[in-house]
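Working notes, beginning with the structure itself.
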Amino acid sequence: MSALRASDLHKTHRRGSEQVHALRGVSIEVHPGEVVALLGRSGSGKTTLLNCLLGWETPDRGTVEVPGAAGPSAASWRELAVVPQRFALVEELSLADNVALPARLAGLPDPLGAARACLDELRLGPLADRLPDEVSLGEQQRVTIARAMVVRPAFLVADEPTGRLDDELSGRVLAVLREAAARDGAGVLVAGHDPLVLDLADRVVRLEDGRVAEVP
Ligand SMILES: Nc1ncnc2c1ncn2[C@@H]1O[C@H](COP(=O)(O)OP(=O)(O)OP(=O)(O)O)[C@@H](O)[C@H]1O
Ligand SMILES: [Mg+2]
């Protein structure tokens, strides 16, 4: 199977007369079974790049390929799942139902059982029946990881998935992502500042000012 690939992406955000060149010719590949860390200072373009990979933003120039899908916006959650920087949990659903949702949409057997197993892996089993606003932000963040994992996606992009977690829980989350790569052969792209992300990755891509920088 081939790689999740972006080639020569350019993206300028325009607000009135103001222009921000968020991506200035970025190329990146993520292969099945590898964990790639996407590092870079705040504002360097990480989220913009992930949004283009997901089809949530359209690049001004360049192409995105998602294996198995006609294009990024046509990809199913099983082809490409996301842990967004803002969580987008459904407020009316329990944590278990939030996590089960992609499994239900994918028509998998026993979505709720799969959801509970993923929540257990992330140490959230006892909270499974609570609503999102009845748990902490760090707990909500881990729910979004369970929601991405539940369908065992071929590719997974995670935008600062450990941003609100202490070292022990960050380690747990990163171990779960690592396992997705090792066990399911998922290709994982993790954006973040966390030194633990660096330790975990097979490869590092560093963005500086909308460009891929040389890694020393
Ligand atoms: N919708 C938008 N309109 C205007 N400018 C934007 C918009 N979205 C992002 N930007 C700008 O584009 C640049 C890249 O933003 P991006 O969110 O990709 O950075 P990031 O590396 O993810 O940062 P962080 O680590 O803080 O999440 C920043 O200068 C940001 O202010
Ligand atoms: Mg970001």
Side-chain angles (χ1 to χ4, degrees), residues 1-15 18-77 79-88 141 144-145 147-149 153-164 170 173-174 177-178 180-181 186-198 200-216:
M1 198 170 105
S2 57
L4 174 67
R5 183 176 289 120
S7 309
D8 196 27
L9 294 188
H10 291 254
K11 177 72 184 179
T12 299
H13 294 293
R14 294 187 178 80
R15 280 182 53 248
E18 194 190 348
Q19 295 197 344
V20 180
H21 299 293
L23 300 177
R24 308 166 187 250
V26 171
S27 299
I28 190 170
E29 283 185 359
V30 183
H31 295 270
E34 73 169 346
V35 178
V36 179
L38 180 64
L39 304 184
R41 293 166 55 176
S42 181
S44 59
K46 301 181 297 295
T47 295
T48 306
L49 172 58
L50 297 187
N51 287 348
C52 289
L53 284 169
L54 291 161
W56 294 357
E57 290 188 58
T58 308
D60 301 325
R61 227 171 85 195
T63 56
V64 171
E65 292 165 55
V66 183
S73 42
S76 73
W77 199 253
E79 287 154 347
L80 178 59
V82 58
V83 177
Q85 193 164 16
R86 294 176 191 162
F87 307 148
Q141 183 157 45
T144 66
I145 292 154
R147 181 182 59 184
M149 304 286 302
F155 291 94
L156 195 159
V157 302
D159 200 350
E160 308 206 24
T162 60
R164 288 187 174 80
S170 295
V173 162
L174 295 170
L177 295 176
R178 179 83 257 170
V188 180
L189 179 61
V190 192
H193 309 272
D194 192 334
L196 289 171
V197 174
L198 246 180
L200 160 105
D202 299 308
R203 205 149 59 73
V204 174
V205 173
R206 195 178 297 276
L207 285 187
E208 264 173 33
D209 222 5
R211 288 195 179 88
V212 175
E214 292 302 316
V215 176

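Just so you know, these numbers use all the heavy atoms, side chains as well, and skip hydrogens, waters and symmetry mates.
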* To do: Tell me, please, which residues at least two apart from T162 pass side chain to side chain donor-acceptor pair (under 3.5 Å).
  => D194
* Asked: Given side chains that start at C-beta, do those of V205 and L39 come closer than 4.5 Å, heavy atoms only?
  -> no
* Structure fact -> Looking only at heavy atoms, the pair that brings A191 and P161 closest together is O-CD, 3.5 Å
* Asked: Between L9 and L23, what is the shortest heavy-atom contact and its length?
  -> O-CB, 3.7 Å
Enumerate, atom names and distances included, each donor-acceptor pair closer than 3.5 Å involving a side-chain atom of residues 66-76, sequence neighbours excluded.
residue : atom : partner : partner atom : Å
S76     : OG   : R78     : N            : 3.3
S76     : OG   : E79     : N            : 3.3
S76     : OG   : E79     : OE1          : 3.4

* **Minimum-distance pair of heavy atoms, taken over all atoms of H13 and A22** => CD2-CB, 3.5 Å
* Asked: For the residue pair P59 and K11, what are the closest heavy atoms and their distance?
  -> CA-CD, 4.1 Å
* Set of side-chain contact (heavy atoms from CB on, under 4.5 Å) partners for Q85, sequence neighbours left out -> T47, D159, E160
* Got a sec, which pairs hit salt bridge (Lys or Arg N to Asp or Glu O under 4.0 Å) with one end in residues 42-53, sequence neighbours left out? -> none
* **For V36 against A201, the heavy-atom pair lying closest together** => C-CB, 4.4 Å
* Asked: Taking atom SG of C52 and atom NE2 of H10, what is their separation to the nearest 0.5 Å?
  -> 11.5 Å
* **Side chains of V82 and L50 in contact at under 4.5 Å (non-hydrogen atoms)** => no
* Does Q141 reach the main-chain N or O of R164 with its side chain, forming a donor-acceptor pair under 3.5 Å? -> yes
* Looking at residues at least two apart in the chain, or sitting in another chain, which of them share a side chain to side chain donor-acceptor pair (under 3.5 Å) with R15? -> E18
* Those residues that, when tested against A81, pass side-chain contact (heavy atoms from CB on, under 4.5 Å) (two or more places apart) -> W77, A148, P153
* Within a strict 4.5 Å, meaning less than it, do heavy atoms of the L4 and V157 side chains meet? -> yes
* Looking at residues at least two apart in the chain, or sitting in another chain, which of them share a side-chain contact (heavy atoms from CB on, under 4.5 Å) with R24? -> H21, D209, R211
* Asked: Which distance, rounded to the nearest 0.5 Å, do you find between the CG of L54 and the CG of L80?
  -> 5.0 Å
* Partners of D8 by salt bridge (Lys or Arg N to Asp or Glu O under 4.0 Å), sequence neighbours excluded? -> R61
* Asked: How far does NE2 of H31 sit from CG of D202, to the nearest 0.5 angstrom?
  -> 11.0 Å
* Asked: How long is the span from the CG atom in L53 to the CD1 atom in I28, to the nearest 0.5 Å?
  -> 7.0 Å
* E65: salt bridge (Lys or Arg N to Asp or Glu O under 4.0 Å) partners, not counting sequence neighbours -> R5
* To do: Give the intermediate values and the outcome of side-chain contact (heavy atoms from CB on, under 4.5 Å) for residues V190 and L38.
  => CA-CA 6 Å; V190 192; L38 180 64; over 6 Å; no
* **For L200, all residues meeting side-chain contact (heavy atoms from CB on, under 4.5 Å), sequence neighbours excluded** => V35, L174, R178
* Does R203 have any salt bridge (Lys or Arg N to Asp or Glu O under 4.0 Å) partners at least two apart in sequence or in another chain, and if so, which? -> E34
* Asked: Are T48 and V26 close enough that some pair of their side-chain heavy atoms sits under 4.5 Å apart?
  -> no
* If you take all heavy atoms of V30 and F155, which pair is closest and at what distance? -> O-CE2, 3.2 Å
